[in-house]
Trainee: 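Sharing a structure here in structure tokens format.
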Amino acid sequence: MLSVRDVSMIYQKGKKEALKNINLEIAEGEFTALLGQNGAGKSTLINILAGNVKKTQGSVSIGGYDLDKKELETKKIIGIVPQDTGYDFVFTVDEALKKQSGYFGIKNNKAYIDEVLEALYLTEKRSARIRDLSGGMRRRFLIAKALVHKPKILILDEPTAGVDIEMRHTLYDFLVKLHQSGTTIILTTHYIEEAEKLCKRIVIIDGGKIIADEPKEELMDAFSRESIIEVHFDQALNLADFDFLSDYHPHIEDKTRLQLKASKKDLSKVFRQLSEKNLEFTNLVVERPKLEDIYLNIIKH
Ligand SMILES: Nc1ncnc2c1ncn2[C@@H]1O[C@H](COP(=O)(O)OP(=O)(O)OP(=O)(O)O)[C@@H](O)[C@H]1O
Ligand SMILES: [Mg+2]
């Protein structure tokens, strides 16, 4: 569906090598997160796919079309939600969406636009000028704009930055439905829990290179060998009383919570040792690392 081969990008201004030999194959129906720190090269890659930035080297094919030879065809296949919200300032939402439909030669698009505006809670704002929308509304407008031509692939560059938490969850539901109806989605975000919740594949880019590219579950399993066990008590604890658990790195949090680290295979042993002591605890929580912890770990190394 989307194929990026040996793509490199050097910006003339500053002689910055923003991408170094990027290779990425996205199959139809995937829901992929593209993660990375500020300046990692995510937007550069997306802008290349959108045809807004000319790559220095490599090739890109979208839906079987070579980006360099068939740019118009590739534009019909992808919808891009840019990170930068500064477009179409003087137009109203309706005008901008009509203009965008016209760009793709679509005439009677009103029913579909109505549907998209409704799903993005923008119906009430359709006569408002883009410059008068709030930051979060403008992001939703950009999603609507990226969808007017019903692209097979939707690429979103930080669509939820600055969007309030309730609306973010509304957007998650929207993206899940869009994915279920067959759209291939690539999502860039700094909210790692968003990627954990929505995406099936995690690609991490660092200093212009892909440093991880794995199915989410595999990535999480590989790093989840050690779970954190937290045992809550209703009285202050003394670390010396837990010497019998010394293999599991006991540690006391907030005076009343005992924390242990154990591999999956040792979990039952830990529980047995705890119960043999007849300790009166009030709660017991086993947590596997979140994608955020795993992400930080990968970035650090
Ligand atoms: N137009 C440009 N001219 C020169 N250098 C640029 C340009 N755009 C980006 N860069 C540089 O390329 C590198 C990658 O930037 P890019 O915007 O792709 O990062 P990003 O991963 O999207 O970061 P963020 O999370 O902050 O959006 C950075 O070092 C940036 O300074
Ligand atoms: Mg960016």
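Each ligand, and each atom within it, is numbered from 1 in the order the structure gives.
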Trainee: Any protein heavy atom at under 4.0 Å, with atom 31 (O) of ligand 1 as the reference point?
Mentor: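 Flag for atom 31 (O) of ligand 1 set to false, no protein heavy atom closer than 4.0 Å.
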
Trainee: Rounded to 10 degrees, what angle sits at the Mg ion (ligand 2) between Gln83 OE1 and Ser43 OG?
Mentor: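 Here the angle at the metal atom is close to 80°, to 10°.
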
Trainee: List ligand 1 atoms under 4.0 Å from Ala18, heavy atoms only on the residue side.
Mentor: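 Matching atoms, with element in brackets: 12 (O), 13 (C).
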
Trainee: Run the salt-bridge test on Arg257 and Glu230 with the 4.0 Å N-O cut-off and return the result as yes or no.
Mentor: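 Salt bridge between Arg257 and Glu230, a charged N being under 4.0 Å from a carboxylate O: yes.
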
Trainee: Under 4.0 Å from a heavy atom of Thr44: which atoms of ligand 1 are those, numbered in the order shown and with their elements?
Mentor: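 Near Thr44, meaning under 4.0 Å from one of its heavy atoms, ligand 1 has 14 (C), 15 (O), 16 (P), 18 (O).
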
Trainee: Ring-plane angle category for Phe104 and His149, please: parallel below 30°, perpendicular beyond 60°, tilted otherwise.
Mentor: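 Rings of Phe104 and His149: parallel, as their planes differ by under 30°.
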
Trainee: Is any NZ, NE, NH1 or NH2 atom of the basic residue among Asp114 and Arg126 found under 4.0 Å from an Asp or Glu carboxylate oxygen of the other?
Mentor: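 Between Arg126 and Asp114 there is a salt bridge, with a charged N closer than 4.0 Å to a carboxylate O.
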
Trainee: Which residue owns the protein heavy atom closest to atom 14 (C) of ligand 1, what's the atom, and how far is it?
Mentor: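 Atom 14 (C) of ligand 1 sits closest to the protein heavy atom Gly39 O, 3.3 Å.
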
Trainee: May I ask you to list the atoms of ligand 1 that are less than 4.0 angstrom from any heavy atom of Lys13?
Mentor: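 So the answer, numbered in order with elements, is 3 (N), 4 (C).
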
Trainee: Do protein heavy atoms approach atom 7 (C) of ligand 1 to less than 4.0 Å?
Mentor: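 Given the 4.0 Å limit, the answer for atom 7 (C) of ligand 1 is yes, a protein heavy atom qualifies.
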
Trainee: Heavy-atom contacts with Ser43 under 4.0 Å: which atoms of ligand 1 show up? List them by number with element.
Mentor: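 In order of numbering, the contacting atoms are 17 (O), 18 (O), 20 (P), 22 (O), 27 (O).
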
Trainee: Tell me whether the Mg ion (ligand 2) has Thr188 as a neighbour, meaning an N, O or S atom of it below 2.8 Å.
Mentor: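 Short answer: no, not a single N, O or S atom is under the cut-off.
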
Trainee: If the threshold is 4.0 Å, N to carboxylate O, is there a salt bridge linking Glu30 and Lys152?
Mentor: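 The answer is no: the pair does not qualify as a salt bridge.
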
Trainee: Pull out every atom of ligand 1 sitting under 4.0 Å from any heavy atom of His190, numbered as shown with elements.
Mentor: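 Matching atoms, with element in brackets: 25 (O).
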
Trainee: Report yes or no: does Thr44 have an N/O/S atom closer than 2.8 Å to the Mg ion (ligand 2)?
Mentor: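 No.
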
Trainee: Can you tell me if Met9 has a non-hydrogen atom under 4.0 Å from ligand 1?
Mentor: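 No, that is not the case, since the closest heavy atom of the residue is not under 4.0 Å from the ligand.
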
Trainee: Numbering the atoms of ligand 1 from 1, which are under 4.0 Å from a heavy atom of Ala40?
Mentor: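 Heavy-atom distances to Ala40 below 4.0 Å select 19 (O), 20 (P), 21 (O).
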
Trainee: Using 4.0 Å as the upper bound for N to carboxylate O, is an ion pair formed by Asp247 and Lys269?
Mentor: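 Answer for the salt bridge query: no.
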
Trainee: Identify, for atom 26 (O) of ligand 1, the protein heavy atom at the shortest distance, and state residue, atom and that distance.
Mentor: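 Result: Asn38 ND2, 2.9 Å.
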
